[in-house]
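These notes are about the structure you will find just below.
A, B, ... follow the sequence lines: proteins, then strands. Residue 1 opens every chain.
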2 protein chains.
Amino acid sequence: METLLEDDDCNASASRRLAEGLAALAHPTRIEIVRHLAGQPACCCRDVVDRLDLAQSTVSQHLKVLVEAGLVRFSPDRQRSRYELDRAALKDLSSSLARLTEDCCAGC
Amino acid sequence: METLLEDDDCNASASRRLAEGLAALAHPTRIEIVRHLAGQPACCCRDVVDRLDLAQSTVSQHLKVLVEAGLVRFSPDRQRSRYELDRAALKDLSSSLARLTEDCCAGC
DNA sequence: AGTTTCCATCGTTCATCGCCGATAAACGAT
DNA sequence: ATCGTTTATCGGCGATGAACGATGGAAACT
């Protein structure tokens with residue numbers, strides 16, 4: 001029962017973390033931002049603003065969400081800001097979902 | 001409804017659909033529900049209510065979200081309702097995220 | 001008959017999201 | 001020193017999300 005409880009806690013905690021990661025990507029604009037970031041080593045906020053038809057403040061917010069979720073690395077570069085896709089984190093998230101899917105399809 | 005899609009909207013449309021799928025899973029409770037559904041061929045609303053400490057109406061809502069996202073199949077079984085995990089749809093979602101991740105990691 | 005059980009839906013409350021305009025700080029250029 | 005550019009953050013507004021209780025309908029049990 002001790003191990004069972006720990007398993008449950010583990011599952012619940014994993015669910016929470018996975019949900020947080022998925023929530024960060026659960027918006028078309030943020031997926032587009034990730035796609036854009038994938039094409040280059042890094043870019044600044046302005047680049048994204050030019051690409052998407054959204055206000056600069058809105059883009060900044062979306063970038064913040066991605067950074068807080070750990071999917072994008074942020075480093076203030078003088079005037080410009082430097083946003084870089086954390087591909088390892090993205091892979092982790094994808095793997096987590098894949099693992100959940102595999103667990104769910106174990107019997108088929 | 002949305003049978004007409006311009007080529008330019010292809011990426012945006014894919015992002016939108018992926019975002020919708022991820023949003024359905026972007027909640028710890030719904031992930032737990034999916035996990036629970038994975039352990040059996042099907043179950044009713046009551047089963048989930050007993051497992052999670054939430055009101056029956058809340059659970060019903062979460063199930064509805066999963067059904068509308070296509071991740072869970074629903075068939076009214078006499079008195080009880082029958083919810084069944086659509087493992088193929090879950091795999092599709094997982095694959096979509098994996099594809100995005102691969103696209104983003106093509107150069108590494 | 002009446003009753004219980006299971007379920008979906010409605011209405012409400014509260015919090016969060018998504019978007020914007022405005023603002024101020026930081027930096028580069030003139 | 002004064003622009004122009006870039007950026008993050010604030011305040012506000014409408015929309016959505018998440019939770020609950022209450023209600024009513026349908027099936028099953030007494």
_Does B:S81 reach a base, just sugar-phosphate, or nothing at all? Heavy atoms under 4.0 Å._
sugar-phosphate
*Indicate whether OP1 or OP2 belonging to C:dC19 is found under 4.0 Å from a side-chain N or O atom of A:H27.*
yes
_When you measure from the side-chain N and O atoms of B:Y83 to the phosphate of C:dC6, is any distance below 4.0 Å, counting only OP1 and OP2?_
no
*Answer yes or no: side-chain N or O of A:T58 and base N or O of C:dG18 forming a donor-acceptor pair under 3.5 Å.*
no
_A:R35 vs A:E32, salt bridge (charged side-chain N to carboxylate O under 4.0 Å, His left out): CA-CA, chis, key distance, verdict_ = CA-CA 5 Å; A:R35 279 215 175 92; A:E32 285 300 309; 3.3 Å; yes
*Which nucleotide in the set C:dC20, D:dA19, D:dT6 lies at the smallest distance from any side-chain heavy atom of A:L54?*
C:dC20
*B:A55 has a side chain; which of D:dC20, D:dA8, C:dT5 sits nearest to it?*
D:dC20
*Looking at C:dC27, D:dA22, C:dC19, which one has an atom nearest to any side-chain atom of A:Q79?*
C:dC27
*Inspect the contact between B:E102 and B:R99 and indicate whether a charged nitrogen and a carboxylate oxygen are less than 4.0 angstrom apart.*
no
*D:dA8 OP1/OP2 closer than 4.0 Å to side-chain N/O of A:S60*: yes
_Donor-acceptor under 3.5 Å (A:R30 side chain, A:V65 main chain)_ = no
*asked:* With the threshold set at under 4.0 Å for non-hydrogen atoms, list the residues of residues 29-46 of chain A touching DNA chain D in residue-number order.
replied: A:C44, A:C45, A:R46
*Can you check side chain to side chain contact (heavy atoms under 4.5 Å, CB included) on B:T58 and B:L52, steps first, answer last?*
CA-CA 10 Å; B:T58 305; B:L52 309 175; over 6 Å; no
N/O donor-acceptor pairs under 3.5 Å from side chains in residues 73-84 of chain A, not counting sequence neighbours:
unit_1	atom_1	unit_2	atom_2	d
A:R73	NH1	A:E84	OE1	3.2
A:R73	NH1	A:E84	OE2	3.3

*Would you state whether a donor and an acceptor, one from the side chain of A:Q61 and one from the base of D:dA8, lie under 3.5 Å apart?*
no
*Where do A:D47 and A:R51 land on the salt bridge (charged side-chain N to carboxylate O under 4.0 Å, His left out) test, with the steps shown first?*
CA-CA 6 Å; A:D47 289 341; A:R51 198 173 181 93; over 6 Å; no
*asked:* Please determine whether a side-chain nitrogen or oxygen atom of A:H62 lies at a distance below 4.0 Å from atom OP1 or OP2 of C:dC19.
replied: yes
